[in-house]
Structure formats: C-alpha cells, structure tokens
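For reference, the structure discussed in these notes is given below.
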Amino acid sequence: MSKLAWWQRGVVYQIYPRSFQDTSGNGVGDLQGVIERLAYLNDGTERSLGVDAIWLSPFYPSPMKDFGYDVSDYCNVHPLFGDLATFDRLIEEAHKRGIRIIIDYVPNHTSDEHPWFIESRSSRDNPKADWYIWRDPKPDGSPPNNWGSVFGGPAWEWDETRQQYYFHQFVVGQPDLNWRNPEVKAAMFDVLRFWLERGVDGFRMDVIGMIIKHPDMPDQPWLTDVDPNLPENAIYWRQEHIYDQDQDDVHQVLREMRALLDEYGDTVGIGELFYSLPRWVKYYGEQGDELHLPFNFRLIDHLPVWDAQQARRIVDDVDGAVPPFGWPNYVLGNHDQPRVASRFGAEQARTAAMLLLTLRGTPTLYYGDELGIPNGDIKPEQKVDPWGIQMGVKYTRDVCRTPMQWDDSPYAGFSNVEPWLPVTPDYRTRNVAAQDKDERSMLNLYRRLLWYRKGSAPLYGGSYQAVDTPHADVFAYLREADGERIFVALNFGDEERTVSPPSRGQLVLSTALDRAQGVTNEVKLRPYEGVIIELG
Ligand code: TEU
C-alpha cells in the first residue's frame with residue numbers, strides 16, 4: 001500500500017458550530033465550545049472518539065438568513081462564535097491533539113449585506129458592478145429566464161436602483177457571485193490564502209458545482225415526472241439542471257484552486273456535489289488535479305430505505321467509478337438531511353455506523369450521529385430554516401441541527417439558557433455522559449469502530465470486494481491490504497441470518513458489542529447485527 005495522506009487514512013467529523021457547545025451563555029454554540037470539547041473528539045485514547053479532522057460549518061460574520069451560508073465577511077468570525085483570536089486558539093489546540101481543521105468555504109454566493117454586493121447594487125457602473133450576476137428584465141418586465149431558487153420561487157430578484165434583476169440560487173439574501181469575472185476569482189482565491197496562512201488544513205466547498213453557469217443562461221426544460229407533493233413554488237425542483245450548474249468550464253477553476261491548495265502542502269479540498277456518477281467523477285480532475293474528495297452522498301440520496309442490495313449497488317458503483325488516482329468517501333448525514341437514526345431506524349443506525357466505518361474511503365461523521373440522535377421535534381412555529389419555511393413543506397432542516405446532547409441537565413449540557421433550537425426530547429437518556437457509562441451504547445460502538453479502523457490497514461487503506469451471500473438482506477464484503485483480510489457482514493433485515501466468511505477467522509467486533517471474540521467459520525447474525533471478522 002502506498003503512503004496515505006491524512007485525509008485518506010483519517011475520519012472527518014462535521015460540527016455545526018451553532019449547535020455543538022455554547023460557552024458564552026446566549027443559547028448559540030461557539031468556537032470556544034469546540035475548543036473545550038476537543039478531548040471528546042480525540043484525546044489520543046480510546047475513551048475519546050478518535051476522529052482525525054473536524055469540518056466546521058460557517059462561523060463567519062453573517063446576517064444568518066441561511067444560518068451562516070450567507071457570508072458578509074469571509075475573513076472574520078461572527079461575534080456569536082468568537083473572534084479571530086479564538087479561531088487561532090482552536091487551530092493551535094486542535095493541532096496539538098493531532099486534529100486537522102477543515103473550514104467551510106462558500107464561493108457561490110455572499111450575503112446581500114457583504115460590502116461587495118452593497119457596492120455592486122449601488123449603480124450599473126461602479127467598480128464591482130459586474131461582481132454579481134445582473135440581467136435586464138424581459139420586455140414584459142419579467143425575469144430574464146425560468147430558473148428557480150433551490151429554496152423556492154424564482155432565482156431572480158428585482159433591484160430598484162439598478163433596474164435590473166440579480167441572480168440568487170438560494171435565498172434572496174444570497175446573491176450569486178460572478179465567477180466569470182477574474183476579479184471575483186482573485187478575491188475569492190485570496191480568501192483561501194487568508195485561512196491557509198492561519199493554518200487551516202482544508203476546505204469543504206459549498207455547492208462548488210454551481211459557481212459557473214452557462215454564460216447565456218438559457219431557459220431550462222421542465223421535468224415531466226415530478227413528485228406530486230412538490231410545493232407550487234418549487235420551480236428549481238421541477239427543472240432539468242442543464243445550464244445552471246455542472247458546466248464543463250467549472251473544472252478549469254477547480255484546477256486553479258487545487259494548484260493553490262497544493263502550494264500549502266498537505267491540504268484537502270472537499271466539494272459539495274450531487275451529480276450522476278460519470279459527471280461526479282470528473283471532479284477528481286482528469287489527472288487527479290481537482291478535488292481530493294468530491295463528496296459522495298449516495299448513501300443518502302440513493303438509499304431511501306434501508307436495503308442491503310441497494311447499499312451494495314451503491315458501494316460497488318462508487319468503488320468502481322473512482323479513478324485509480326482518486327480516493328472514495330462516504331457520508332451518512334449532514335446539516336441538510338434528516339438524521340440517519342430517523343431515516344433508517346435506531347437499530348439500523350448501528351449497522352449503518354459499521355458500514356460507514358468499514359468501507360474503502362474517507363468517512364465523514366455528523367455530530368450527534370454517534371449518539372443516535374433522532375430528528376428534532378420542531379413545531380411549525382419553531383421552524384427557522386429558510387428552506388423549511390419557504391418551501392412550505394413539512395420537512396425542515398432544523399430537525400438535524402438541534403443541540404448536541406452532553407448530559408441530562410436542563411439544556412443537555414449544551415448551554416445554560418434556552419438554545420436556539422430545542423434539544424431533542426430524549427436527551428435525558430440519550431447523551432454523552434449516559435452513553436459513556438453504558439458499555440454497549442452507540443457512542444461506545446462508534447469509539448470501538450473508529451479505533452479499530454485506525455489500527456487496521458485493510459480498513460483504512462485496503463481494497464474492497466463485495467461477497468455474495470445466500471441472503472438478500474445481508475451485505476458482506478472483504479477488505480484486504482498487504483495480505484491481511486477482513487470480512488464484514490451486515491444484516492440489514494429483521495430476521496436472523498447465518499453467514500460464512502470465505503475462510504475461518506476471528507470475530508473481533510459486533511454492532512451489539514456483546515460477543516466474545518473467538519475463532520469462527522460461521523456466524524448467526526441477529527436482526528440488524530453487523531460483524532467484523534479477521535480472516536486467518
Ligand atoms: O447546500 C446545497 C443544497 O442544495 C442543499 O441545501 C439541499 O438541496 C437542501 O438542503 C435540500 O435538502 C449547501 C449547504 O449545505 C446548505 O446548508 C446551504 O443552505 C446551501 O448550500 C446554500 O449555501
């Protein structure tokens with residue numbers, strides 16, 4: 001096995017800073033809170049999770065119309081979260097523990113309160129007039145094309161001063177930057193440099209495939225087959241996305257970004273992308289010269305129900321599609337998706353944890369999933385997420401952004417005042433303190449899996465090969481490196497299933513955490529049980 005980079009060998013843990021740990025007593029989490037919880041993430045011993053990197057969702061100055069994904073200053077820290085000195089301390093403290101810091105980079109759009117946009121909208125001939133996407137109305141005064149905003153309604157907003165429309169792929173307060181303007185590109189590259197100079201180890205790049213649109217912005221065709229429950233204003237979700245994203249010329253920008261990252265050595269570029277496999281794979285770059293890790297959301301988007309055959313298809317397809325110079329990655333949850341424990345079920349979430357942490361490729365964990373936190377109970381009047389509000393749908397992303405559950409005190413040890421979103425109702429029993437003491441808890445399952453993975457060359461670096469079993473509800477595979485072989489068998493179903501590894505082996509871990517280690521050539525998996533077997 002060739003030498004692996006930290007972002008290949010390691011595991012990433014996503015923190016939504018608003019919801020991790022409040023130390024300032026305002027009900028919103030902050031960077032000092034992350035510092036104080038670093039030992040939980042990795043103190044070098046198996047009492048901690050043992051993650052290798054954290055990805056922080058945005059902590060920049062922002063009017064918070066999209067909870068920080070509307071940035072009004074890319075090179076600072078919102079006072080809610082601390083200041084640059086706190087950030088520097090976080091880097092220092094994290095690095096001391098061997099934890100890398102990946103930050104969120106939001107290149108597609110700024111806030112409408114960003115000074116660049118304030119200037120751009122002030123006239124048609126100011127120096128930043130062309131920094132955003134401005135277009136004249138059609139002769140009848142309507143928007144320049146039929147494109148919709150991801151968050152509902154048209155993607156165009158009329159501006160009285162310029163007497164033009166500006167383009168916003170997300171909320172009205174998130175105008176899209178014009179990346180075809182070299183000045184914009186240069187300014188946004190300077191943002192990368194600013195943080196790299198401060199010592200960050202990489203970036204998670206928000207909707208990176210959207211930054212370049214077709215220059216003519218033609219109308220997009222309407223889909224014929226759409227979900228009948230889609231709200232009326234979901235224009236974006238009724239169209240084929242031919243011109244508004246995934247344009248071939250975005251790859252040139254990504255190559256330049258990669259070259260910039262490479263100037264700083266051992267860094268990682270992770271991109272948020274949603275495309276078909278053949279389109280997605282292009283984001284590694286033809287020579288491996290674009291993203292290190294184009295996020296792979298297929299275990300979310302293509303696994304609507306907990307199904308072993310479908311999971312196997314996804315993994316086989318991804319593993320086969322990644323070019324030899326590329327490295328796979330898998331995600332089960334993030335700040336935009338319903339919680340994994342609610343999508344698949346509490347027991348299934350344990351099997352899912354073993355799946356995520358035994359596949360070939362970098363896993364990204366989402367804070368709280370290691371406790372099995374379910375979707376929050378958000379009443380309609382408690383919704384704050386603009387997607388949830390504007391789309392008028394039952395679902396809101398607030399459900400997966402509830403505060404981290406540390407203990408059974410009134411606000412779960414997250415804060416001493418009422419948090420910005422309610423803690424999930426089960427927090428008195430489902431929390432770090434309780435699960436720490438319970439040998440068979442989800443938290444201890446995550447810890448065991450993470451530390452086992454760390455010491456296992458087949459798991460962190462080996463090949464992947466699916467193994468047929470007689471049971472449609474069992475997904476089994478081999479992982480192999482340097483002659484060491486590991487067999488993983490996951491029972492996705494609610495019935496007992498007997499499986500045989502290809503040869504005798506030593507059972508080292510069960511998702512139930514109640515089996516004695518021992519040599520076996522056959523294992524009876526209980527419902528939803530997964531096992532790891534080291535083959536002799
Ligand atoms: O998300 C992009 C995106 O398209 C998702 O928001 C998704 O379509 C939506 O949540 C419905 O599931 C990124 C960020 O992850 C998200 O939090 C931001 O709101 C968005 O970009 C705009 O910056």
Side-chain angles (χ1 to χ4, degrees), residues 12 14-19 55-60 62-72 74 102-114 117 147-153 155 167-177 179 188 203-211 213 227 229-231 233-239 241 244-246 270-275 280 294-304 331-340 342-343 364 366-367 375 378 383-401 421:
V12 179
Q14 180 190 355
I15 290 180
Y16 196 68
R18 292 184 72 90
S19 301
W55 149 33
L56 295 161
S57 279
F59 49 76
Y60 312 106
S62 160
M64 297 287 170
K65 289 174 189 159
D66 188 19
F67 295 97
Y69 283 93
D70 49 325
V71 180
S72 54
Y74 287 107
I102 299 165
I103 62 172
D104 221 301
Y105 176 60
V106 190
N108 183 66
H109 41 265
T110 69
S111 159
D112 59 352
E113 294 182 22
H114 195 293
F117 187 71
W147 298 5
S149 150
V150 177
F151 291 167
F167 182 71
H168 59 91
Q169 191 79 88
F170 294 90
V171 297
V172 169
Q174 286 169 305
D176 280 42
L177 283 163
W179 273 79
M188 288 305 290
F203 300 91
R204 173 271 185 189
M205 305 176 180
D206 194 58
V207 289
I208 192 69
M210 286 183 168
I211 62 174
K213 294 88 169 130
D227 176 356
N229 299 318
L230 259 190
N233 68 346
I235 303 171
Y236 176 93
W237 301 96
R238 294 169 191 279
Q239 290 184 352
H241 297 285
D244 60 353
Q245 53 195 287
D246 191 27
I270 307 175
E272 190 198 24
L273 298 154
F274 303 91
Y275 311 126
W280 168 78
F295 256 146
N296 160 27
F297 298 122
R298 296 184 119 68
L299 291 177
I300 299 174
D301 297 340
H302 294 238
L303 197 61
V331 183
L332 280 177
N334 63 34
H335 63 294
D336 293 333
Q337 300 296 333
R339 286 279 185 181
V340 64
S342 295
R343 290 204 317 272
T364 300
Y366 183 53
Y367 88 94
N375 282 342
I378 307 292
K383 268 194 202 180
V384 289
D385 166 33
W387 148 273
I389 294 170
Q390 292 183 191
M391 295 286 279
V393 280
K394 205 164 146 263
Y395 174 63
T396 167
R397 298 181 300 176
D398 299 317
V399 298
C400 61
R401 299 174 177 179
L421 280 176

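Starting from 1, each residue takes its place in the sequence as its number. Note that ligands are numbered from 1 as they come in the structure, with each ligand's atoms numbered from 1 the same way.
By the criterion of a heavy-atom distance under 4.0 Å, neither the backbone nor the side chain of Lys65 is placed next to ligand 1. Contact annotation: for Phe67 versus ligand 1, there are no heavy atoms closer than 4.0 Å.
Closest protein heavy atom to atom 6 (O) of ligand 1: Arg397 NH1, 3.3 Å. Closest protein heavy atom to atom 5 (C) of ligand 1: Asp336 OD2, 3.7 Å. Nearest non-hydrogen protein atom to atom 1 (O) of ligand 1 is Glu272 OE2, 3.1 Å. With respect to atom 19 (O) of ligand 1, the closest heavy atom belonging to the protein is Asp66 OD2, 2.5 Å.
Test Gln174, Gln169, Lys213 against Asn108 for side-chain hydrogen bond (donor to acceptor under 3.5 Å, both in side chains) and you get one pass: Lys213. Across Ile211, Val71, Asp176, a single residue satisfies side chain to side chain contact (heavy atoms under 4.5 Å, CB included) together with Pro107, and that is Ile211. With respect to Glu272, the side chain to side chain contact (heavy atoms under 4.5 Å, CB included) criterion is satisfied by exactly one of Arg204, Met205, Met210: Arg204. When Tyr69, Tyr366, Tyr367 are each tested for a side-chain hydrogen bond (donor to acceptor under 3.5 Å, both in side chains) with His335, only one passes: Tyr69.
When all heavy atoms of Arg339 and Asn375 are compared, the pair lying nearest together is N-OD1, 2.7 Å. Closest of all the heavy-atom pairs between Lys65 and Val171 is CB-CG2, 4.3 Å.
Near Arg401, meaning under 4.0 Å from any of its heavy atoms, are these atoms of ligand 1: 17 (O). Near Tyr69, meaning under 4.0 Å from one of its heavy atoms, ligand 1 places the atoms 17 (O), 18 (C), 23 (O). Atoms of ligand 1 lying under 4.0 Å from any heavy atom of His335, numbered from 1 in the order shown and given with element: 14 (C), 15 (O), 16 (C), 17 (O). The ligand atoms of ligand 1 that sit less than 4.0 angstrom from a heavy atom of His109 are 22 (C), 23 (O). Near Val207, meaning under 4.0 Å from any of its heavy atoms, are these atoms of ligand 1: 2 (C), 21 (O).
In this structure, atom 13 (C) of ligand 1 has protein heavy atoms in its sub-4.0 angstrom surroundings.
Arg204 counts as a contact of ligand 1, since one of its heavy atoms falls under 4.0 Å from the ligand.
Of the listed residues (Phe297, Phe151, Trp237), the one carrying the non-hydrogen atom nearest atom 8 (O) of ligand 1 is Trp237.
For the atom pair CD1 (Ile15) and CD1 (Ile102), the distance works out to 11.0 Å, reported to the nearest 0.5 Å.
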Checklist entry - Where do Ile270 and Trp55 land on the side chain to side chain contact (heavy atoms under 4.5 Å, CB included) test, with the steps shown first? => result CA-CA 10 Å; Ile270 307 175; Trp55 149 33; over 6 Å; no
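In this structure, Phe151 has its ring center at least 6.0 angstrom away from the ring center of His168.
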